[in-house]
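Residue numbering restarts at 1 for every chain, and letters A, B, ... go by the order of the sequence lines.
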There are 2 protein chains.
Amino acid sequence: MNAEPPLWRMIRDSLEAALAAGEYPAGTPLPSEAKLAARFGCAIGTVRRAVDELVAARALVRRQGRGTFVPDHDAMARLPHDGPDRTAFYFFHIRPEDGARLPPETELLDFRAGLPCPAWIAPHLGIAARAPMIFARNLQRIGGRAVALDELWLPRALFPGLDRAGFAGRDGTVYGLYQKRFGHSVIRTDERLKAVPAPAEAATAFDLAPGAPVLRILRVAYAIGDRPVELRISHADTREHEYFNTLA
Amino acid sequence: MNAEPPLWRMIRDSLEAALAAGEYPAGTPLPSEAKLAARFGCAIGTVRRAVDELVAARALVRRQGRGTFVPDHDAMARLPHDGPDRTAFYFFHIRPEDGARLPPETELLDFRAGLPCPAWIAPHLGIAARAPMIFARNLQRIGGRAVALDELWLPRALFPGLDRAGFAGRDGTVYGLYQKRFGHSVIRTDERLKAVPAPAEAATAFDLAPGAPVLRILRVAYAIGDRPVELRISHADTREHEYFNTLA
DNA sequence: TTCGATTTGTTCGTATGTATT
DNA sequence: TAATACATACGAACAAATCGA
């Protein structure tokens with residue numbers, strides 16, 4: 001009774017598995033649609049249907065005349081390739097109230113490798129409690145003003161060899177680092193927001209009265225194939241900035 | 001040198017304009033793809049490409065064997081048609097911390113028609129300051145517990161004849177009301193979030209200490225064709241609930 | 001219940017245009 | 001210029017879901 005899924009879906013899943021396995025790193029094109037069609041023994045339109053889905057899921061981008069690629073986080077952040085860049089801010093939602101989109105500057109405050117995973121974090125990342133973790137604390141500024149204090153938790157098993165120098169000395173964003181050095185292309189995040197009294201560190205960093213309201217953001221970032229790779233707790237000062245979200 | 005846009009885009013825009021103009025109200029199918037192809041003088045695949053875009057933008061839904069429709073907000077909220085419903089909560093993001101998705105209950109606290117539009121609200125809705133507005137205040141509960149206090153501002157010109165009885169006596173959600181009675185199908189919202197000290201009414205409703213942190217959400221809802229139809233200011237108690245957002 | 005008409009879903013194939021190298 | 005790759009558009013055939021006779 002169970003009808004098998006359509007061909008384009010099997011091709012999509014096959015491609016997604018290949019991407020999750022690290023074939024086709026960012027910058028190197030996939031086989032052309034004609035070659036993929038030959039490989040899968042189907043029409044070119046069927047391959048296009050499968051790729052369409054992965055493009056919609058932000059796992060791939062097409063470039064006419066060039067090929068199909070895993071999107072490069074930092075390249076997207078740099079290029080103003082079609083109008084004011086949207087992708088650069090896809091995962092950074094704190095903006096000045098006037099809506100300006102200044103890029104944030106990041107200062108590394110702390111970095112530790114080998115901490116055991118706190119019990120409450122483990123289930124979010126699908127790992128064992130006390131698994132070895134990498135921990136970092138960042139201060140984000142916009143236009144020189146401190147707006148967010150981030151704590152990052154990464155399973156060390158997913159980021160072998162990552163140390164403070166490698167983390168601090170990256171070229172672009174942290175997600176660009178995850179992608180270029182470790183092949184983890186973040187394409188989805190879940191965020192849970194609360195309004196909470198400012199913790200001590202946040203109050204100090206933002207020059208806030210203790211207990212003043214701040215926005216607490218708990219984010220889990222997922223790479224291609226729905227693999228959680230990072231948990232982040234941010235506290236943001238929303239006196240002159242806000243968290244922006246558009247649902248379409 | 002300016003190449004004209006592809007045929008499918010012109011068809012998409014034409015369909016979108018028809019939807020925004022109120023043809024094909026929710027529940028009545030569009031002409032079949034074959035008929036549309038004949039009308040536009042193109043291949044059926046080209047029509048499908050155009051409809052694909054509108055489906056992706058949540059302006060249309062397809063039903064195999066039945067036709068293509070403007071999605072019905074409340075029908076989506078009622079039917080568990082494929083697994084746990086996601087669309088019902090597409091525009092309601094407050095959830096218990098455990099992730100349960102109980103439907104909120106709404107209590108109407110206040111309703112006024114004819115108030116002049118506050119100057120700061122007018123630009124968000126693209127209308128003139130002091131334009132006549134409809135104002136409503138709602139209390140949202142989840143599992144009996146008050147979690148959000150909403151203030152709604154609607155341009156009266158877009159909701160002719162809407163009075164307290166019509167507003168309070170609706171069948172389903174407010175967005176369902178907008179759609180069924182006035183033809184405004186909300187498909188997109190912009191939300192701006194801040195952590196703020198609880199205003200007096202919110203503190204009372206939530207049994208909070210005055211000045212305790214609450215989440216303030218400013219939402220503008222857009223109907224098909226990017227027409228703003230509602231501004232909403234919500235204050236949410238996030239002690240046991242949170243604002244959930246997934247970016248994909 | 002069966003059947004046929006209608007409508008969308010899937011898959012195939014082809015031709016031509018446009019961008020890149 | 002030529003080769004390659006994606007983008008657009010056309011057309012056809014059959015499958016699957018729906019609905020009413």
Side-chain angles (χ1 to χ4, degrees), chain A residues 1-15 19 24 26-72 75 79-83, chain B residues 1-15 19 24 26-72 75 79-83:
Chain A
M1 276 305 164
N2 242 331
E4 66 180 5
L7 180 53
W8 64 262
R9 189 188 301 272
M10 297 193 291
I11 295 174
R12 183 201 59 174
D13 293 345
S14 171
L15 289 175
L19 298 177
Y24 319 122
T28 67
L30 269 67
S32 73
E33 292 171 348
K35 289 197 180 72
L36 287 173
R39 172 181 309 179
F40 288 111
C42 69
I44 199 171
T46 306
V47 169
R48 282 189 66 82
R49 178 76 160 90
V51 173
D52 281 344
E53 293 258 321
L54 294 169
V55 169
R58 303 170 45 82
L60 289 175
V61 290
R62 301 189 208 255
R63 301 290 187 211
Q64 186 175 2
R66 295 184 52 204
T68 303
F69 304 82
V70 173
D72 181 329
L79 300 179
H81 70 90
D82 53 356
Chain B
M1 276 306 161
N2 241 332
E4 64 181 6
L7 180 53
W8 65 261
R9 187 188 303 272
M10 298 192 291
I11 295 174
R12 183 202 59 174
D13 293 346
S14 171
L15 289 175
L19 297 178
Y24 319 122
T28 66
L30 268 67
S32 73
E33 293 171 348
K35 288 196 180 72
L36 287 173
R39 172 180 309 180
F40 288 112
C42 69
I44 201 171
T46 307
V47 169
R48 284 188 65 82
R49 178 75 159 89
V51 173
D52 281 344
E53 294 259 322
L54 293 168
V55 168
R58 303 171 45 83
L60 290 176
V61 291
R62 301 187 205 256
R63 301 288 187 214
Q64 186 175 3
R66 295 185 51 204
T68 303
F69 303 82
V70 173
D72 181 328
L79 301 179
H81 69 90
D82 52 356

From [atom1] of [X] over to [atom2] of [N], roughly how many Å is that when rounded to an integer?
X: B/Leu60; N: C/dT7; atom1: CG; atom2: C1'; result: 15 Å
X: B/Glu53; N: D/dA7; atom1: CD; atom2: C1'; result: 13 Å
X: A/Arg12; N: C/dT10; atom1: CZ; atom2: P; result: 11 Å
X: A/Leu36; N: C/dT11; atom1: CG; atom2: P; result: 16 Å
X: B/Glu4; N: D/dA7; atom1: CD; atom2: C1'; result: 15 Å
X: A/Arg63; N: D/dC6; atom1: CZ; atom2: P; result: 13 Å

Which atom of [X] lies closest to which atom of [Y], heavy atoms considered:
X: A/Pro71; Y: A/Ala26; value: O-CB, 4.2 Å
X: B/Arg62; Y: B/Glu33; value: NH1-OE2, 2.6 Å
X: A/Pro31; Y: A/Tyr24; value: CD-CE2, 3.5 Å
X: B/Leu7; Y: B/Cys42; value: CD2-CB, 3.8 Å

### Message
Over all strands shown, is B/Ile44 touching base, sugar-phosphate only, or nothing at heavy-atom distances under 4.0 angstrom?
### Response
nothing

### Task
Would you mind pulling out the nucleotide paired to C/dT6, Watson-Crick or G-U wobble, both distances under 3.5 Å?
D/dA17

### Task
State whether A/Thr46 places a side-chain N or O below 4.0 Å from either non-bridging phosphate oxygen (OP1 or OP2) of C/dT10.
no

### Message
For a quick test of reading the model: is some side-chain N or O of A/Thr68 closer than 4.0 Å to OP1 or OP2 of D/dC6?
### Response
yes

#### Entry: Given DNA chain C, 5'-ward residue of the pair B/Gly65 and A/Gly45, judged by closest heavy atom
B/Gly65

### Message
Suppose we call a contact any N or O donor and acceptor under 3.5 Å apart; does that hold for the side chain of A/Gln64 and the base of D/dA5?
### Response
no

Which of these nucleotides, [options], is closest to any side-chain atom of [X]?
X: B/Arg48; options: C/dG9, D/dC10, D/dA7; value: C/dG9
X: B/Glu33; options: D/dT8, C/dT8, D/dC6; value: C/dT8
X: A/Pro6; options: C/dT10, D/dA5, D/dG11; value: C/dT10
X: B/Lys35; options: C/dT7, D/dA7, C/dC12; value: C/dT7
X: B/Ala43; options: D/dC10, C/dG13, D/dT8; value: D/dC10
X: B/Arg49; options: D/dC6, D/dT8, D/dC10; value: D/dT8
X: B/Arg62; options: D/dA5, D/dC10, C/dT8; value: C/dT8
X: B/Arg66; options: C/dT11, D/dC19, D/dA7; value: D/dC19
X: A/Cys42; options: D/dA7, D/dC10, C/dC12; value: C/dC12

### Message
Which residues pass the side chain to side chain contact (heavy atoms under 4.5 Å, CB included) test with A/Arg12, not counting sequence neighbours?
### Response
A/Arg9, A/Ala50, A/Glu53, A/Leu54

### B/Leu19 vs B/Leu60, side chain to side chain contact (heavy atoms under 4.5 Å, CB included): CA-CA, chis, key distance, verdict
CA-CA 9 Å; B/Leu19 297 178; B/Leu60 290 176; 3.8 Å; yes

